[in-house]
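Below, all heavy atoms of this structure are taken into account, side chains as well, without hydrogens, waters or symmetry copies.
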Amino acid sequence: MRYAITGASRGLGLEFVRQLLNRGDSIDAGVRSPSEAKQLQSLAHEAGGRLRIHALDISDARSVDAFAAAVGEGQPLDVLINNAGVYGKEGTLTALDYESLADTFSVNTLGPLRLSAALLPALRRGSARRIIHITSKMGSIGDNGEGGSYAYRISKAAMNMAMRNMHLELHREGFVTVSLHPGWVQTDMGGPQAPLRPEDSVRGMLNVIDRLRAQDGGRFFSYEGQEISW
């Protein structure tokens with residue numbers, strides 16, 4: 001199987017790469033600064049050509065197009081994992097940083113849309129036709145009982161809606177498109193106090209991805225495979 005993964009230089013993205021390589025898959029990894037992605041470079045050295053590293057800024061349309069051209073090259077792509085994301089600045093309603101909010105929306109919502117569209121020809125050539133969006137339960141309206149985190153919550157809720165639209169457009173072609181909540185994970189974003197290790201979260205998410213069926217398309221799951229309310 002051939003995967004494309006964004007935000008692959010650290011955290012969940014790096015762990016996706018590590019586990020997929022260990023089971024024999026091939027990966028095109030997108031990172032903002034390939035020269036600084038030392039752990040990823042080390043994995044690529046050991047992978048014998050099964051891991052290619054590309055520069056990618058999903059908030060930049062030209063960068064997305066260049067990545068899609070490099071990944072596509074007339075070859076099939078089986079699974080796209082839209083993992084890259086940012087948290088954005090905190091702030092109450094009267095103290096929001098709207099420039100930061102717009103930047104967060106560009107990365108967390110528009111970025112996955114840009115890349116999914118750009119890679120659609122390669123995905124159509126693949127056998128699995130899976131588009132996976134790493135979202136968050138913080139994007140669930142039904143689960144929001146605390147408020148705050150405007151930028152992150154709004155952008156992830158919008159991405160969930162984008163995923164649902166994508167499913168409705170593409171499912172007749174055999175695509176399975178879902179949103180996945182990775183849990184609260186010990187990453188730079190989640191912090192050291194988080195209860196879940198990246199390897200456990202990714203192991204769970206890959207298990208969900210591997211078991212996806214046509215009827216699962218357009219739904220919102222946790223890394224444990226439990227459905228999450230919108």
Side-chain angles (χ1 to χ4, degrees), residues 4-13 16 29-33 54-68 80-120 123 131-170 175 177-185 187-191 194 201 205 218-223 228-230:
I5 302 172
T6 65
S9 64
R10 60 184 182 177
L12 293 174
F16 268 118
V31 297
R32 289 176 65 93
S33 301
H54 311 269
L56 174 62
D57 178 353
I58 61 171
S59 67
D60 185 300
R62 288 179 297 179
S63 179
V64 167
D65 288 342
F67 178 79
L80 167 61
I81 300 179
N82 281 309
N83 168 71
V86 295
Y87 192 79
K89 291 183 179 179
E90 289 279 14
T92 60
L93 178 60
T94 55
L96 288 176
D97 183 329
Y98 286 93
E99 184 175 351
S100 174
L101 198 156
D103 289 342
T104 304
F105 192 85
S106 181
V107 173
N108 291 355
T109 308
L110 302 185
L113 279 174
R114 289 187 187 98
L115 190 57
S116 299
L119 286 175
L120 199 54
L123 287 161
I131 302 176
I132 311 301
H133 303 289
I134 307 304
T135 182
S136 171
K137 193 161 68 169
M138 290 180 71
S140 165
I141 295 173
D143 188 69
N144 184 5
E146 297 180 0
S149 302
Y150 276 86
Y152 192 68
R153 288 186 186 276
I154 291 170
S155 64
K156 290 298 188 180
M159 189 179 80
N160 288 343
M161 178 60 82
M163 178 280 297
R164 180 70 178 178
N165 264 20
M166 200 178 300
H167 156 71
L168 292 171
E169 180 176 345
L170 298 176
F175 279 86
T177 305
V178 300
S179 290
L180 286 183
H181 167 59
W184 183 13
V185 189
T187 61
D188 289 349
M189 185 184 294
S201 172
M205 287 192 285
R219 297 165 71 184
F220 183 8
F221 296 104
S222 74
Y223 74 98
I228 296 174
S229 71
W230 297 111

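- The environment of Arg219 atom CZ is dense: over 12 non-hydrogen atoms of other residues, nucleotides or ligands sit within 6.0 angstrom.
- Ile81 has its side chain out of reach of Thr6: every pair of non-hydrogen atoms, C-beta onward, lies at least 4.5 Å apart.
- Side-chain contact between Leu170 and Leu120: present, with at least one pair of heavy atoms (C-beta onward) separated by less than 4.5 Å.
- Nearest heavy-atom pair across Gly218 and Val178 is N-CG1, 4.4 Å.
- Panel note: side chain Asn83, backbone Gly7; a donor-acceptor pair is recorded below 3.5 Å.
- A donor-acceptor pair under 3.5 Å is absent between the side-chain atoms of Ser155 and the main chain of Thr109, judged by distance alone.
- Heavy-atom minimum distance, Leu119 versus Ala4: CD1-CB, 4.3 Å.
- Here the side chains of Arg114 and Asp60 are not in contact, with every heavy-atom distance at 4.5 Å or above.
- Of all heavy-atom pairs between Ile131 and Ser116, the closest is CG2-OG, 3.7 Å.
- Taking the side chain as every heavy atom from C-beta outward, Val185 and Tyr223 never approach each other to under 4.5 Å.
- In this structure, CE in Met166 is found 9.0 Å from CE in Met159, a value given to the nearest 0.5 Å.
- For the atom pair CG of Asp97 and CD of Glu90, the computed distance is 12.0 Å after rounding to the nearest 0.5 Å.
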Chi angles and distances behind the side chain to side chain contact (heavy atoms under 4.5 Å, CB included) call for Ser63, Arg32: CA-CA 10 Å; Ser63 179; Arg32 289 176 65 93; over 6 Å; no
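- Results of the side-chain hydrogen bond (donor to acceptor under 3.5 Å, both in side chains) test with Ser179 over Asn160, Asn82, Thr135 single out Asn160 as the only residue that passes.
- Scanning both residues, Tyr87 and Tyr152, for their nearest heavy atoms gives O-CB, 3.4 Å.
- Of the possible donor and acceptor atoms, none in the side chain of Thr177 sits under 3.5 Å from a partner among the backbone N and O of Met163.
- No side-chain heavy atom of Ile132 sits under 4.5 Å from any side-chain heavy atom of Met205.
- In terms of heavy atoms, Ala8 sits closest to Ala29 at CB-CB, 3.6 Å.
- Between the side chain of Lys156 and the main chain of Ser140, no donor-acceptor pair closer than 3.5 Å is present.
- At least one side-chain heavy atom of Lys137 sits under 4.5 Å from a side-chain heavy atom of His181.
- Separation of atoms CG (Asp57) and CZ (Phe67) is listed at 12.0 Å; rounding is to 0.5 Å.
- Contact check for Leu80 versus Leu115: side-chain heavy atoms found under the 4.5 Å cut-off.
- Considering CH2 of Trp184 and OG of Ser201, their distance stands at 14.0 Å, rounded to 0.5 Å.
- Side chain of Asn108 to backbone of Val86: a donor-acceptor contact under 3.5 angstrom is found.
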Donor-acceptor list for residues 99-107 side chains, cut-off 3.5 Å, not counting sequence neighbours:
unit_1 : atom_1 : unit_2 : atom_2 : d
Ser100 : OG     : Lys89  : N      : 3.4
Thr104 : OG1    : Ser100 : O      : 2.9

